[in-house]
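Just so we're clear, the structure is a prediction, and the values are computed from it rather than from any experiment. Residues: numbered from 1 along the sequence shown.
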Amino acid sequence: QVQLVESGGGTVQPGDSLRLSCSVSGVRLDYAAVGWFRQAPGKDREGVAFTATSSSRNITDYADSVKGRFTISKDIGENTVHLQMNSLKPEDTAVYYCAEGWPGINVRDISHYDYWGQGTQVTVSS
């Protein structure tokens with residue numbers, strides 16, 4: 001079974017930074033798609049940042065709302081995917097989830113992800 005555990009959330013002021021971590025087990029990070037998603041109360045879950053790696057593919061992608069502010073990266077040795085979040089805004093407040101799927105999926109399609117973590121809360125307020 002694939003398991004994912006998020007950590008690193010917290011409460012910060014606008015303009016501050018946070019780094020989220022997703023610890024992954026049961027799958028090779030160099031042969032998987034991993035996405036970060038977020039869900040605010042009363043809203044649909046939305047994709048934030050994505051990475052997919054295989055022998056023939058190595059991509060990253062971002063939602064327009066976070067381009068230039070967030071960076072997704074993976075550490076193979078740590079079996080961990082990170083989301084560096086800079087210049088945080090109140091609109092970024094949500095529970096953030098990481099998810100895993102086969103490396104050949106359309107990373108922007110939430111229905112293609114098979115396993116999900118429990119989420120970590122990010123709150124941005126003044």
Side-chain angles (χ1 to χ4, degrees):
Q1 282 280 359
V2 177
Q3 292 183 296
L4 306 99
V5 180
E6 303 94 339
S7 63
T11 300
V12 298
Q13 296 182 342
D16 286 351
S17 298
L18 281 173
R19 189 184 74 156
L20 306 183
S21 297
C22 174
S23 178
V24 181
S25 62
V27 67
R28 290 171 53 184
L29 270 187
D30 60 350
Y31 199 79
V34 177
W36 284 97
F37 298 79
R38 66 187 182 188
Q39 187 167 25
K43 296 185 177 181
D44 292 335
R45 191 169 299 186
E46 63 175 349
V48 175
F50 319 92
T51 183
T53 303
S54 71
S55 60
S56 60
R57 194 186 195 202
N58 190 1
I59 67 166
T60 57
D61 201 7
Y62 300 90
D64 288 343
S65 59
V66 307
K67 284 182 178 178
R69 299 190 297 122
F70 291 9
T71 303
I72 189 170
S73 62
K74 55 181 177 290
D75 188 316
I76 304 300
E78 294 181 350
N79 296 313
T80 301
V81 178
H82 302 284
L83 184 67
Q84 179 67 44
M85 306 186 295
N86 297 328
S87 301
L88 283 163
K89 305 175 180 179
E91 307 93 89
D92 297 317
T93 296
V95 177
Y96 283 70
Y97 301 87
C98 60
E100 185 273 343
W102 293 106
I105 65 172
N106 179 351
V107 296
R108 306 181 76 93
D109 188 340
I110 192 171
S111 69
H112 290 336
Y113 290 87
D114 301 308
Y115 297 93
W116 293 81
Q118 293 299 304
T120 185
Q121 177 71 49
V122 172
T123 302
V124 185
S125 67
S126 58

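Note on F50: it does not cluster hydrophobically with V48, by side-chain heavy-atom contacts below 4.5 Å among ILVMFWY residues. Hydrophobic clustering, with ILVMFWY side chains joined whenever heavy atoms are under 4.5 angstrom apart, groups Y115 together with V24. Each of I59 and Y31 belongs to its own hydrophobic cluster when Ile, Leu, Val, Met, Phe, Trp and Tyr are linked at side-chain heavy-atom distances under 4.5 angstrom. Residue I76 is not grouped with residue W102 when hydrophobic side chains (ILVMFWY) are merged at heavy-atom distances under 4.5 angstrom, including chains of intermediate members. Cluster annotation: W116 and V2 are assigned to distinct hydrophobic clusters (Ile/Leu/Val/Met/Phe/Trp/Tyr, side-chain heavy-atom contacts under 4.5 Å, transitive).
Defined by atom type and a distance below 3.5 Å, a donor-acceptor pair is present between the side-chain atoms of N86 and S17. Side-chain polar atoms of S21 and H82 form a donor-acceptor pair below 3.5 angstrom.
Applying side-chain contact (heavy atoms from CB on, under 4.5 Å) to V124 and the options L18, L88, D16 leaves one that passes, L88.
In this structure, R38 CZ and E91 CD are separated by 8.5 Å, a value rounded to the nearest 0.5 Å. Taking NE2 of H112 as the reference point, atom CG of N106 lies at 5.5 Å (rounded to 0.5 Å). In this structure, OG1 on T53 lies 4.0 Å from CG on N58, to the nearest 0.5 angstrom.
Enclosure of atom NZ in K67 by more than 12 non-hydrogen atoms of other residues, nucleotides or ligands within 6.0 angstrom is indicated.
Using a distance-only test at 3.5 Å, with no hydrogens or angles considered, no donor-acceptor pair links the side chain of S25 to the main chain of L4. Put simply, the side chain of T120 gets close to the backbone of G9: a donor and an acceptor are under 3.5 Å apart. In this structure, T80 contributes its side chain and E78 its backbone to a donor-acceptor pair below 3.5 Å. Counting only distance, with no hydrogens or angles, the side chain of Q3 and the backbone of G26 share no donor-acceptor pair below 3.5 Å. A donor-acceptor pair under 3.5 Å links the side-chain atoms of Y113 to the main chain of V107, judged by distance alone. For the pair R57 (side chain) and A52 (backbone), a donor-acceptor distance under 3.5 Å is absent. One N or O on the side chain of E6 and one on the backbone of Q118 form a donor-acceptor pair closer than 3.5 Å.
Judged by a 6.0 Å distance limit and a 45° cone about the ring axis, R45 is positioned over the six-membered ring of Y97.
The two residues F37 and A99 have their closest heavy-atom pair at CE1-CB, 4.1 Å. Taking all atoms of both residues into account, the shortest heavy-atom contact from L29 to K74 is O-CD, 3.9 Å. Taking each heavy atom of S126 and P14 in turn, the nearest pair found is N-CD, 3.8 Å. Heavy atoms only, all atoms of each residue included: A63 and G47 are closest at CB-O, 3.5 Å. Nearest approach of Y62 to I72, heavy atoms of both residues: OH-N, 2.9 Å. Minimum heavy-atom separation, T51 to T60: OG1-CG2, 3.9 Å.
F70 and W36 have their aromatic ring centers separated by at least 6.0 angstrom.
A salt bridge links D92 with R69; the closest basic N to acidic carboxylate O contact falls under 4.0 Å.
Two residues are said to be in side-chain contact when any heavy atoms from C-beta on lie closer than 4.5 Å; T71 and L83 fail this criterion. Between M85 and Y96 the shortest side-chain heavy-atom distance falls below 4.5 Å.
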